[in-house]
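As structure tokens, the structure follows; a few thoughts come after it.
The shown structure was predicted, so the numbers you read here are calculated from the model rather than taken from an experiment. Both ligands and their constituent atoms are indexed starting at 1 by order of listing.
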Amino acid sequence: MRLVLLGPPGAGKGTQAVELKQALGIPHISTGEMLRAAIAAGTPVGLKAKELVESGRLVPDEMIGEIVEQRLAQTDAAGGFLLDGFPRTVGQAGILDKTLVPLGARLDAVLYMMLDDAAIMERLSGRRTCAACGSPTHVTGARSKKEGTCERCGGRLVQREDDREEVVARRVQVYREQTEPLVEHYRRRGLLREVPAAGSVETVQRRMLAAVQGSGS
Ligand code: AP5
């Protein structure tokens, strides 16, 4: 299946992707993770993206479009993919459509994770991310057996630079202005599946799988 995860920062896209990719046997492609890896490695893309990402702004459509195009051309994405964090503007949705044409592919569904602003702030201010594998966790969740380490790989848990309160506020504003128009864009195309993102991780997971199963193919 070819799926897009759409939703505000902190809706739980990365959390749900971990289970969904296993259940569906498709790669999880997170543009945020790719950019953070490029920043950490100091690549030319990382150097250009660093200031924008860490201050909560979007990197230019052309830059992210090129990265996604290269990633979707890899063999593991031939049978399907779970895109997380892309597209994020109407322009990027056009880039995705153009990228899929030569691959003879089309989107099956856009899973729209809906969450209110208070819950977004609560989730992001308490988020800790594994410096090694990128898995998100939350300070209130007793999910790590050893405090400060990732339950999946034992890596060190850190706070993302863009999870500082003032940056989160900007990310939410950027989401409302530049990304939310995609909701109507994909609704008009009949691809949108609305998934309430409040509730436990397991509850949301069941809703996500039900939404995917209702999407055919
Ligand atoms: P990106 O990494 O994509 O950030 P985001 O979209 O803001 O999403 P997040 O990773 O913050 O949240 P999430 O929805 O994955 O939530 P999570 O599962 O972690 O992008 C970062 C930056 O890169 C952007 O700001 C931009 O600068 C740049 N960028 C990326 N893509 C781009 C693009 N296409 N174009 C231009 N620029 C781009 O969960 C959050 C917290 O909640 C965690 O602590 C988790 O444990 C907890 N949680 C999750 N689910 C639940 C639940 N059900 N109940 C309780 N707690 C929960």
Side-chain angles (χ1 to χ4, degrees), residues 4-20 28-39 45-46 48-69 71 82-96 99 111-115 118-130 133-144 150-152 157-164 167-180 182 195-208:
V4 167
L5 293 181
L6 177 64
K13 301 181 294 296
T15 301
Q16 293 300 326
V18 174
E19 306 296 336
L20 268 183
H28 168 212
I29 300 175
S30 159
T31 46
E33 270 179 32
M34 290 162 93
L35 289 170
R36 282 187 290 279
I39 292 168
V45 165
K48 280 189 207 145
K50 183 175 167 58
E51 207 272 326
L52 292 166
V53 170
E54 291 180 354
S55 62
R57 296 179 172 88
L58 298 184
V59 306
D61 285 357
E62 307 71 42
M63 182 195 282
I64 202 78
E66 216 171 287
I67 293 172
V68 171
E69 191 178 350
R71 181 62 187 88
L82 183 57
L83 275 175
D84 166 3
F86 181 93
R88 234 177 173 97
T89 64
V90 173
Q92 291 181 17
I95 293 174
L96 178 59
T99 303
L111 304 176
Y112 171 38
M113 300 183 68
M114 303 179 295
L115 195 65
I120 290 170
M121 289 306 286
E122 198 280 319
R123 286 189 185 180
L124 289 184
S125 58
R127 174 167 59 184
R128 297 295 178 270
T129 305
C130 176
C133 74
S135 296
T137 187
H138 197 274
V139 286
T140 56
R143 299 191 71 189
S144 177
C150 172
E151 60 161 6
R152 293 196 172 80
L157 295 177
V158 295
Q159 183 169 36
R160 267 171 48 178
E161 192 60 34
D162 60 348
D163 278 350
R164 288 177 293 122
V167 183
V168 169
R170 175 177 285 145
R171 285 164 62 201
V172 173
Q173 186 193 352
V174 167
Y175 170 79
R176 301 281 178 225
E177 289 171 6
Q178 300 190 50
T179 307
E180 216 164 48
L182 286 174
V195 181
S200 71
V201 172
E202 294 73 22
T203 302
V204 178
Q205 206 177 96
R206 279 194 294 275
R207 292 180 194 139
M208 298 287 281

The one among R123, Q205, R170 that brings a heavy atom closest to atom 55 (C) of ligand 1: R123

Geometric N/O contact S30 with ligand 1, under 3.5 angstrom: no

Sub-4.0 Å heavy-atom contact, Q16 with ligand 1: no

Heavy atom of G7, distance to ligand 1 below 4.0 Å: no

Polar contact flag for V204 and ligand 1 (N/O pairs, less than 3.5 Å): no

Part of L58 within contact of ligand 1 (heavy atoms, under 4.0 Å): both

Test side chain to side chain contact (heavy atoms under 4.5 Å, CB included) applied to P136 and R160, R128, R127, the passing residue: R127

Any N or O of D162 closer than 3.5 Å to N or O of ligand 1: no

Atoms in ligand 1 with a heavy atom of S200 nearer than 4.0 Å: 53 (N)

Check: P87 N/O within less than 3.5 Å of ligand 1 N/O: no

Partner residues of V174 under the side-chain contact (heavy atoms from CB on, under 4.5 Å) criterion, sequence neighbours left out: L58, R170, Q178

Atoms in ligand 1 flagged as close to P136, the criterion being non-hydrogen separation under 4.0 Å: 18 (O), 19 (O)

Check: R171 N/O within less than 3.5 Å of ligand 1 N/O: yes

Any donor-acceptor N/O pair, T31 side chain to G85 backbone, under 3.5 Å: yes

Nitrogen or oxygen atoms of L124 and ligand 1 under 3.5 Å apart: no

Contacting atoms of ligand 1, where contact means under 4.0 angstrom from a heavy atom of G85: 31 (N), 32 (C), 33 (C), 34 (N)

N/O separation below 3.5 Å, G126 to ligand 1: no

Side chain K50, main chain A38, donor-acceptor under 3.5 Å: no

Contacting atoms of ligand 1, where contact means under 4.0 angstrom from a heavy atom of H138: 44 (O), 46 (O)

Distance, nearest 0.5 Å, that separates OG of S200 from CD of E202: 4.5 Å

Test of proximity, D163 against ligand 1: N or O pairs below 3.5 Å: no

Considering all heavy atoms, the nearest V167-S55 contact: CG1-C, 3.6 Å

Atom indices of ligand 1, in the order listed, that fall short of 4.0 Å to a heavy atom of R36: 2 (O), 21 (C)

Minimal non-hydrogen separation, L115 against R176, with atom names: O-NH2, 4.3 Å

Whether R160 lies under 4.0 Å from ligand 1, heavy atom: yes

Short N or O distance, A197 and ligand 1, threshold 3.5 Å exclusive: no

Nearest heavy-atom neighbours spanning D162 and R171: O-NH1, 2.6 Å

E66 atom CD: more than 12 heavy-atom contacts under 6.0 Å: no

R123 CZ to T140 OG1 distance, which is reported to the nearest 0.5 Å: 10.0 Å

Reported CD-to-CD distance for the pair Q92 and E62, which is rounded to 0.5 angstrom: 9.0 Å

Nearest neighbour of atom 3 (O) of ligand 1 from the list R88, R57, E33, on a heavy-atom basis: R88

Residue pair M34 / I67: nearest heavy atoms and the distance that separates them: CE-CG2, 3.5 Å

Under 3.5 Å: N/O of T15 near N/O of ligand 1: yes

Distance-minimising heavy-atom pair for P87 and L96: CD-CD2, 3.9 Å

Per-atom contacts, ligand 1 versus Q92 - under 4.0 Å to a heavy atom: 33 (C), 34 (N), 35 (N), 36 (C)

Distance filter under 4.0 Å to G14 heavy atoms, resulting ligand 1 atoms: 13 (P), 15 (O), 18 (O)

Numbered atoms of ligand 1 (with element) below 4.0 Å of L35, judged on heavy atoms: 23 (O), 28 (C), 29 (N), 30 (C), 38 (C)

Verdict with reasoning, V195 to Q16, per side chain to side chain contact (heavy atoms under 4.5 Å, CB included): CA-CA 12 Å; V195 181; Q16 293 300 326; over 6 Å; no

Ligand 1 contact on V59 by region, counting heavy-atom pairs under 4.0 Å: both

L52 to P60 - nearest heavy-atom pair and separation: CD1-CD, 4.0 Å

